[in-house]
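Worth knowing before you read on, the calculation uses all heavy atoms, side chains too, and leaves out hydrogens, waters and symmetry mates.
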Amino acid sequence: MAKVTIIGATGQVGSYAAHAVSQFPHVQEMCLYGRPGNEQFLDGLAHDMMDSFAARGTNTRVTFGTHPKELRGSDIIVLTSGVPRHPDQTRLDLALENAKIVRHYAEQVGRMAPDSILLVVTNPVDIMTTVALKYSGMMPHRVFGLGTHLDSMRLKACLAEFFNVHVSEVHTRIIGEHGDTMVPMWSATTIGGIQIDNMIGNDKLPREEMIERVKNSGSYIIKAKGATVFGPGDAIATLIRTIVEDENRMLTVSTQIRREIFGHEGVCISVPARITRGGVFPIGVRLSIAETAMFGESVKVIKDMTEKVCAALDAELQQTE
Ligand SMILES: NC(=O)c1ccc[n+]([C@@H]2O[C@H](COP(=O)([O-])OP(=O)(O)OC[C@H]3O[C@@H](n4cnc5c(N)ncnc54)[C@H](O)[C@@H]3O)[C@@H](O)[C@H]2O)c1
Ligand SMILES: O=C(O)C[C@H](O)C(=O)O
């Protein structure tokens, strides 16, 4: 049984994720957490969710609050607080502003629930995962980001459509940045268990266009309806279910990588990882030459921005001391 807390529960992604996660029988308590001043909204959200649970026959207890003590006893915390991008912005444009918000909550989590597992959703998610890891002081296997799990699902949907099969027949993953330098792992892509290069019709697969569609999916949806909600919310729910039910699945999430298995270190970036009730553990894999080069590019983009952001946060802290 688990207590799951959503920080940023008043937001679009936070509120939908809270509802989606509450359906799992192992989730005993769902705590809706937000900034002071948002109590009335959180109260309303809790009541609305309880009505839904009565209709669905869900037994999860809903609590809410804005005081850091609410974080105590959490097994899993999902951090969704932060500003979302406008259609003309990139995710990286949000880095400095959101890093301050993530640092604030990471410090609270580190103090109140250091043994929990912290899932970071706030964008740019890879950089925010490093910020959360640094300022929470938690163990690396206990802090991870949604990363390219959502992008992998988006590619999966494109491939299912192209080959006209059920999505569950498609296995694929995108590694690297949740952003423009993401790296499709065609070498790990199968349809009904058959390596994609062996599928008849594969020569007509518009690979470049598909990856462009995945890269632009977030901004396309934001332009059309203001925010991406169901995609990220259900991607979050899958990860939480994997942890609470100790499924030991191998998914692609942002986690701190180690030089000995990836040749790079000092960043959180998406790689295949084993996800259990005990945390998230990156798995070393052999990449093709092209994938290795693209992954190196992705590491560089994330590393440069992470260093800038952490330097700015440290400078700000020194000024206030
Ligand atoms: N990683 C992903 O795949 C993914 C997917 C969707 C959204 N996101 C990111 O999640 C974040 C939230 O998106 P959303 O659509 O729910 O936005 P939203 O505007 O609906 O919600 C923002 C939430 O953050 C809180 N917040 C905003 N500024 C704050 C501050 N200064 N201090 C404390 N809390 C603050 C708000 O109260 C609210 O709860 C954004 O950064 C967005 O880019 C990431
Ligand atoms: O694109 C965004 O800004 C939101 C999120 O990262 C997404 O990919 O849906």
Side-chain angles (χ1 to χ4, degrees), residues 79 90-92 94-96 98-99 102-103 105-107 109-110 114-152 173-185 187-188 239 243 248-276 278-315 317:
L79 176 49
T90 69
R91 298 182 185 96
L92 292 176
L94 309 173
L96 274 174
N98 280 346
V102 169
R103 175 183 63 189
Y105 287 122
E107 286 170 348
V109 174
D115 296 326
S116 63
I117 294 177
L118 175 59
L119 166 58
V120 180
V121 176
T122 311
N123 271 323
V125 67
D126 303 291
I127 294 148
M128 296 306 111
T129 307
T130 299
V131 170
L133 183 57
K134 178 171 169 172
Y135 289 97
S136 66
M138 290 161 67
M139 302 287 285
H141 66 278
R142 294 195 165 274
V143 180
F144 74 112
L146 184 58
T148 52
H149 176 57
L150 177 56
D151 304 297
S152 302
R173 48 183 94 236
I174 290 180
I175 58 171
E177 182 198 4
H178 175 55
D180 288 342
T181 63
M182 63 180 66
V183 183
M185 272 189 78
S187 58
L239 297 178
I243 296 169
N248 212 356
R249 288 185 70 190
M250 203 171 139
L251 298 171
T252 319
V253 292
S254 194
T255 178
Q256 190 179 60
I257 52 169
R258 285 175 288 127
R259 175 171 288 280
E260 59 278 22
I261 48 174
F262 293 103
H264 301 275
E265 64 184 350
V267 284
C268 291
I269 186 168
S270 283
V271 292
R274 205 163 55 80
I275 302 182
T276 73
V280 173
F281 305 93
I283 295 175
V285 288
R286 201 167 290 129
L287 302 176
S288 70
I289 293 173
E291 288 164 352
T292 305
M294 286 171 80
F295 186 72
E297 224 6 77
S298 214
V299 168
K300 189 175 168 341
V301 167
I302 296 174
K303 203 170 206 169
D304 287 353
M305 185 54 96
T306 304
E307 281 168 6
K308 263 192 215 142
V309 164
C310 289
L313 289 179
D314 288 344
L317 273 185

(message) With a sphere of 6.0 Å drawn around CE of M139, does it hold more than 12 non-hydrogen atoms of other residues, nucleotides or ligands?
(response) no
(request) Would you indicate whether K303, at its atom NZ, is surrounded by more than 12 heavy atoms from other residues, nucleotides or ligands within a distance under 6.0 Å? (result) yes
(request) Could you please spell out the steps behind the side chain to side chain contact (heavy atoms under 4.5 Å, CB included) verdict for L239 and L146? (result) CA-CA 8 Å; L239 297 178; L146 184 58; 3.5 Å; yes
(request) Have a look at M294 and tell me which of V183, V299, L287 forms a side-chain contact (heavy atoms from CB on, under 4.5 Å) with it. (result) V183
Taking all atoms of both residues into account, what is the closest heavy-atom pair of [X] and [Y], and its distance?
X    : Y    : result
D126 : E177 : OD2-CA, 3.6 Å
V131 : C310 : CG2-SG, 4.5 Å
L133 : M138 : CD1-O, 3.5 Å
T130 : V267 : OG1-C, 4.2 Å
T276 : I243 : O-CG2, 3.8 Å
I174 : T252 : O-CG2, 3.1 Å

(request) For side chain to side chain contact (heavy atoms under 4.5 Å, CB included), just list the numbers for V271 and F295, CA-CA rounded to whole Å, side-chain angles, deciding distance to a tenth of an Å, and then say yes or no. (result) CA-CA 10 Å; V271 292; F295 186 72; 3.7 Å; yes
As an exercise, state the distance from [atom1] of [X] to [atom2] of [Y], rounded to the nearest 0.5 Å.
X    : Y    : atom1 : atom2 : result
L92  : N98  : CG    : CG    : 11.5 Å
I127 : T122 : CD1   : OG1   : 12.5 Å
K134 : Q256 : NZ    : CD    : 12.0 Å
R142 : D115 : CZ    : CG    : 5.5 Å
R249 : R274 : CZ    : CZ    : 14.0 Å
S298 : I269 : OG    : CD1   : 4.0 Å

Got a donor-acceptor contact below 3.5 angstrom from the [X] side chain to the [Y] backbone?
X    : Y    : value
S270 : T148 : yes
T255 : F144 : no
R103 : L313 : yes

(message) For the residue pair D151 / H178, report whether a side-chain donor-acceptor contact shorter than 3.5 Å exists.
(response) yes
(request) In plain terms, say whether K300 and D304 are close enough for a salt bridge, that is, a side-chain N and a carboxylate O under 4.0 Å apart. (result) yes
